[in-house]
Every structure is written in structure tokens, then in C-alpha cells.
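Remarks on the structure that follows.
Throughout, protein chains are lettered first and strands after them, A, B, ... in sequence-line order, and every chain is numbered starting at 1.
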2 protein chains.
Amino acid sequence: MPTPARTSVEEIVAAGTRILDEVGLAGLTMQAVAAHVGVRSPSLYKRVRDRDELLHHIATATARELGERLDDATVAASATGSSEGAEPAERLVRLAHALRAFAHARPERYRLLFTPPANTLGPAPEALTDAVRALLETTTRLVGPEDSLSAARTVTAWATGFISMEFTGAFRLGGDVEEAYTYGISRLAAALAGPPAT
Amino acid sequence: MPTPARTSVEEIVAAGTRILDEVGLAGLTMQAVAAHVGVRSPSLYKRVRDRDELLHHIATATARELGERLDDATVAASATGSSEGAEPAERLVRLAHALRAFAHARPERYRLLFTPPANTLGPAPEALTDAVRALLETTTRLVGPEDSLSAARTVTAWATGFISMEFTGAFRLGGDVEEAYTYGISRLAAALAGPPAT
DNA sequence: ACCTGAACACCGTTCAAGT
DNA sequence: ACCTGAACACCGTTCAAGT
């Protein structure tokens with residue numbers, strides 16, 4: 001005799017996301033998620049294959065949300081600048097700051113996205129590609145379509161490396177971290193827009 | 001009546017390191033370590049406070065080993081170049097490649113060092129500082145003592161970000177990763193050595 | 001068709017009891 | 001002084017049994 005479903009994948013992913021934000025990856029247990037959606041943990045396995053698939057869903061949802069934040073940042077850049085939208089270098093700085101702001105606001109989800117544990121699958125590739133679309137548009141304006149991908153990768157590598165160093169405490173000794181970040185991204189934008197390397 | 005010690009912290013850390021390399025962080029259990037050193041898991045707690053402290057010791061030992069590899073890389077650079085040692089930019093490229101080579105050879109330990117899990121303490125700060133001493137010397141030659149720290153941080157951020165993107169599969173689509181890395185570090189060296197940003 | 005209690009095979013960690 | 005078995009409080013996951 002059929003029984004009505006008492007939850008859904010969406011609800012499970014939403015609960016998992018909240019728990020990840022609030023108590024961290026280690027606290028994200030199947031039982032905690034189950035309690036959150038009003039069910040016993042074995043029931044979750046009707047909706048997700050295992051905990052790893054749940055993490056994958058959370059990562060993908062996070063990529064989507066990050067994408068929105070980055071889009072917002074470029075919109076803000078357009079509104080602020082002259083009639084035709086801000087210059088690419090300025091946009092790039094705003095995008096980098098939006099990425100870091102997201103990392104600080106949602107550190108656990110940020111880590112899941114950019115430095116997932118060894119055997120955990122990250123977000124769906126298309127989701128991450130989508131998330132950095134705004135960045136790719138900006139680097140295209142900055143260096144042209146030919147080099148835009150490698151420029152976007154360079155910026156992403158630098159920014160994510162900077163942020164993870166920040167998280168692990170590499171900047172504990174000295175200096176204004178905010179300033180170092182702003183300086184770094186400006187410098188990087190200039191280097192990318194400049195003449196080719198020798 | 002006293003009983004002779006059947007193991008030591010050093011042996012435990014060595015066993016933990018081997019297990020981490022071979023079966024990953026999830027496989028690094030207290031019982032696996034205990035079995036490796038010929039003891040039962042409760043006995044480990046006479047030598048380390050808990051698993052987290054063991055990870056901390058492994059991270060510190062890893063930092064020391066990485067430091068040696070980076071030193072080797074600069075020595076190689078000196079031997080290869082003209083009588084007086086290679087130019088700074090060339091040294092920087094070699095250091096970056098040595099870092100990446102280490103990451104590929106020992107991915108689990110590399111991750112423990114640069115992107116440790118949220119509540120895990122990384123290596124002892126002095127150990128990491130020591131590890132990148134060769135890098136700091138090189139950036140000093142490249143940009144002078146004033147800006148050497150921020151230059152070293154910029155290079156480290158970019159390289160670690162690049163490598164973690166590589167690990168998470170961000171480069172799956174297209175391009176020679178090796179070439180992109182070499183291109184990036186050369187470009188970065190040029191940008192750092194160049195005129196200040198506008 | 002979904003939900004559950006019970007069970008299994010693990011974890012890290014503590015502790016009284018042995019030598 | 002160190003080592004151990006037993007125990008505790010957890011995990012993720014499976015599965016037969018209920019509705």
C-alpha cells in the first residue's frame with residue numbers, strides 16, 4: 001500500500017546546506033539531515049545514493065549561488081561606472097572581491113566547492129563553468145577571446161590560493177590582508193592586460 | 001612494575017605518513033596506525049593526544065620534507081646556470097615546478113599542508129615558514145627585500161590555487177596543464193619584477 | 001511506495017585491570 | 001609505566017518488516 005513521500009531531494013539538500021554552514025562538514029551527518037527534514041536516516045537513501053552524493057548536490061547548488069553573487073558584482077560594477085559599464089580591470093577587482101566575500105560568508109561551502117576532500121566529487125562541471133561565466137566575460141574584454149580562458153584560470157588560481165592561505169592562517173604574521181588582496185588583484189589585472197611575457 | 005615502551009612518537013608519525021600516502025586521509029585510522037607499529041590503538045594515546053595531533057605532526061614533518069625539496073631545486077638551479085647561480089626568475093620557475101612535483105608525488109600530504117580540513121590544525125607555523133625560505137630568498141633577489149614577502153605570497157597563492165584546481169579537475173577541458181603552469185609562473189615572475197601597478 | 005527499528009561493520013576515545 | 005580488552009558514544013549503510 002503506497003505511502004506519501006514525507007520529504008524530497010530539494011528539502012534534503014537545503015537541510016544539508018544549512019547544517020554544513022552552521023556546524024561544518026563533520027557535523028553534516030545523515031542523522032542530522034534526517035532529523036532536520038523530519039525523517040529517520042535510512043529514509044534518506046530513497047532520495048540520495050549516499051552521503052557523498054548529497055555533498056555533490058550541495059556543491060552544485062553552491063556553485064549556482066556563487067554564480068549569482070558574481071553576476072550581481074558585475075551588475076554593480078556596470079551601475080557604478082560610466083554609462084557603458086565599468087572598465088574590465090575594475091570589473092575584475094569587483095569579481096575577485098565578490099568571490100572572497102562569498103568565501104568568508106560561507107567558508108564551509110566555499111571549501112566544498114574549491115578544495116573538496118580527496119575522494120569527494122565536487123560540483124557538476126557545468127555548474128562551476130556557469131558560476132565563473134561572469135569572470136570569463138570580463139577576461140575576454142581584458143585580454144581578448146584568445147587568452148580569456150587562461151587569464152580566467154590565472155585569476156581563479158591566484159584568488160582561491162590566496163583565500164585558502166588566509167583560511168589556514170598563512171597571513172597570521174603581519175600586514176593588512178584586505179589590502180594585500182586588493183593590491184594583488186590589481187597587479188594581476190595589469191599584468192594580464194599588459195604585453196606578453198619575455 | 002614498569003613496562004618497556006614498544007613504540008615512539010617518531011615511529012607513529014612515520015607510520016601515519018606512510019598510511020596517509022598509501023590509503024588517504026580517510027584510511028588513516030588510529031587502528032591502522034596501531035597495527036603498523038605493532039600495538040593496540042588505545043596505546044597510541046600515551047604518545048599523541050588524539051588523531052588531530054597526529055595529523056599536526058605529519059603536517060609538520062611534511063613541511064620539513066617539502067622545504068628540503070625546494071632547497072634542492074634552488075641548488076639545481078645554481079648548478080645549471082652560470083658560475084654565480086641562476087637568475088632569480090629562473091629560480092622562481094624551478095621552485096614552482098618543485099612545489100608542483102611534490103604535490104603530484106604526495107597529494108595527500110600536500111593537501112594536509114595547504115588545504116587542511118576545516119578543524120584540523122596545519123603544520124607548526126615555523127615549519128611552513130622554513131619550508132618556503134628558499135622562495136623568500138628568491139623573491140628578495142627578484143623584487144628586493146621591501147616587497148619580497150608579498151611577492152612570495154603572491155607566487156604561493158597562485159601556485160597552490162593552480163594545483164588545487166588541477167586536483168579538483170578544473171582543467172579537465174582542454175589545454176596542456178604543464179604548459180599553462182610554466183606559462184603562468186613565467187608571466188608572474190615578469191609581472192613581479194616589472195614596474196609597480198598603476 | 002515509502003518509512004522504520006534493528007542490525008552490521010566500522011570509527012575515536014576512555015578506563016579499569018593486568019604486567 | 002606502559003599495554004590491553006572491554007566498553008561507550010558515535011558514524012554510514014543495509015534490510016526485513018510494517019503501513
Side-chain angles (χ1 to χ4, degrees), chain A residues 1-60 108 111-112 116-122, chain B residues 1-60 108 111-112 116-122:
Chain A
M1 204 172 290
T3 284
R6 239 165 268 183
T7 186
S8 65
V9 190
E10 291 74 26
E11 203 185 4
I12 289 169
V13 172
T17 301
R18 278 200 50 184
I19 294 169
L20 181 57
D21 282 341
E22 285 166 17
V23 295
L25 191 59
L28 178 55
T29 67
M30 296 304 268
Q31 353 231 348
V33 173
H36 235 75
V37 302
V39 105
R40 299 291 183 170
S41 64
S43 299
L44 298 178
Y45 295 83
K46 287 279 154 179
R47 313 260 183 267
V48 295
R49 190 163 10 102
D50 51 22
R51 183 175 180 267
D52 228 57
E53 193 184 89
L54 174 56
L55 290 178
H56 173 71
H57 285 143
I58 295 174
T60 300
E108 295 286 344
R111 294 170 92 111
L112 183 63
N119 291 319
T120 296
L121 7 64
Chain B
M1 207 172 288
T3 284
R6 237 165 270 184
T7 185
S8 64
V9 190
E10 290 73 27
E11 203 185 4
I12 290 169
V13 172
T17 302
R18 279 199 51 183
I19 295 169
L20 180 58
D21 282 340
E22 286 164 19
V23 294
L25 191 59
L28 177 55
T29 68
M30 295 304 270
Q31 354 232 346
V33 173
H36 236 76
V37 302
V39 105
R40 298 293 182 171
S41 66
S43 299
L44 297 179
Y45 294 84
K46 288 278 155 179
R47 314 258 182 266
V48 295
R49 190 162 11 101
D50 52 22
R51 182 175 180 268
D52 227 57
E53 193 184 89
L54 174 55
L55 291 178
H56 173 71
H57 285 144
I58 296 174
T60 300
E108 295 287 344
R111 294 169 93 112
L112 183 62
N119 291 320
T120 296
L121 7 65

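- Residues B:G122 and B:A59 come closest through the heavy atom pair C-CB, 3.9 Å.
- In this structure, the side-chain contact (heavy atoms from CB on, under 4.5 Å) partners of B:H57, at least two apart in sequence or on a different chain, are B:V9, B:V13, B:V48, B:E53.
- Using a 4.0 Å heavy-atom criterion, one finds that A:R47 contacts the sugar-phosphate atoms exclusively.
- Within residues 26-45 of chain B, the residues having any heavy atom closer than 4.0 Å to DNA chain D are, in order of number, B:V39, B:R40, B:P42, B:S43.
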Protein N or O to nucleotides 16-18 of chain D N or O, pairs below 3.5 Å:
none

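- The CZ atom of A:R6 sits 13.5 Å away from atom NZ of A:K46, with the distance rounded to the nearest 0.5 Å.
- Evaluation of the side chain to side chain donor-acceptor pair (under 3.5 Å) rule for A:T7 yields A:E11 as partners, not counting sequence neighbours.
- Following rounding to the nearest Å, A:R6 (CZ) and C:dC3 (P) show an atom-to-atom distance of 6 Å.
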Could you give the side-chain donor-acceptor pairs of residues 19-27 of chain A under 3.5 Å, partners two or more places apart or in another chain?
{"unit_1": "A:D21", "atom_1": "OD1", "unit_2": "A:R109", "atom_2": "NE", "d": "3.1"}
{"unit_1": "A:D21", "atom_1": "OD2", "unit_2": "A:R109", "atom_2": "NE", "d": "3.3"}
{"unit_1": "A:D21", "atom_1": "OD2", "unit_2": "A:R109", "atom_2": "NH2", "d": "2.9"}
{"unit_1": "A:E22", "atom_1": "OE2", "unit_2": "A:R18", "atom_2": "NE", "d": "3.4"}
{"unit_1": "A:E22", "atom_1": "OE2", "unit_2": "A:R18", "atom_2": "NH2", "d": "3.3"}

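- Listed in residue order, the members of residues 8-24 of chain A having a heavy atom less than 4.0 Å from DNA chain C come to none.
- At C:dT13, none of the side-chain N or O atoms of B:R49 fall inside 4.0 Å of OP1 or OP2 (strictly under the cut-off).
- Summarising the geometry, the separation between CG on B:D52 and C1' on C:dT13 is reported as 13 Å, rounded to the nearest angstrom.
- The nearest whole Å value for the distance from the CG atom in A:L55 to the C1' atom in D:dG12 is 12 Å.
- Put simply, CG on B:L55 and OG1 on B:T60 are 10.5 Å apart, with the number rounded to the nearest 0.5 Å.
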Which side-chain N or O atoms in residues 28-41 of chain A pair as donor and acceptor under 3.5 Å with protein atoms at least two apart or in another chain?
{"unit_1": "A:T29", "atom_1": "OG1", "unit_2": "A:A32", "atom_2": "N", "d": "3.0"}

Inset, instruction - Taking Watson-Crick and G-U wobble pairs with both distances under 3.5 Å, convert DNA chain D into its dot-bracket string, 5' to 3', dots for unpaired and | for cross-strand pairs. - result: ||.|||||...|||||.||
Legend entry - Residue pair A:E108, A:L112: steps toward the side-chain contact (heavy atoms from CB on, under 4.5 Å) verdict: CA-CA 6 Å; A:E108 295 286 344; A:L112 183 63; over 6 Å; no
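- A distance-only check finds no donor-acceptor pair linking the side chain of A:T120 to the backbone of A:P116 [under 3.5 Å].
- Rounded to a whole Å, the NZ atom of B:K46 is 15 Å from the P atom of C:dT13.
- The side chain to side chain donor-acceptor pair (under 3.5 Å) check on A:D50 picks up nothing, with sequence neighbours excluded.
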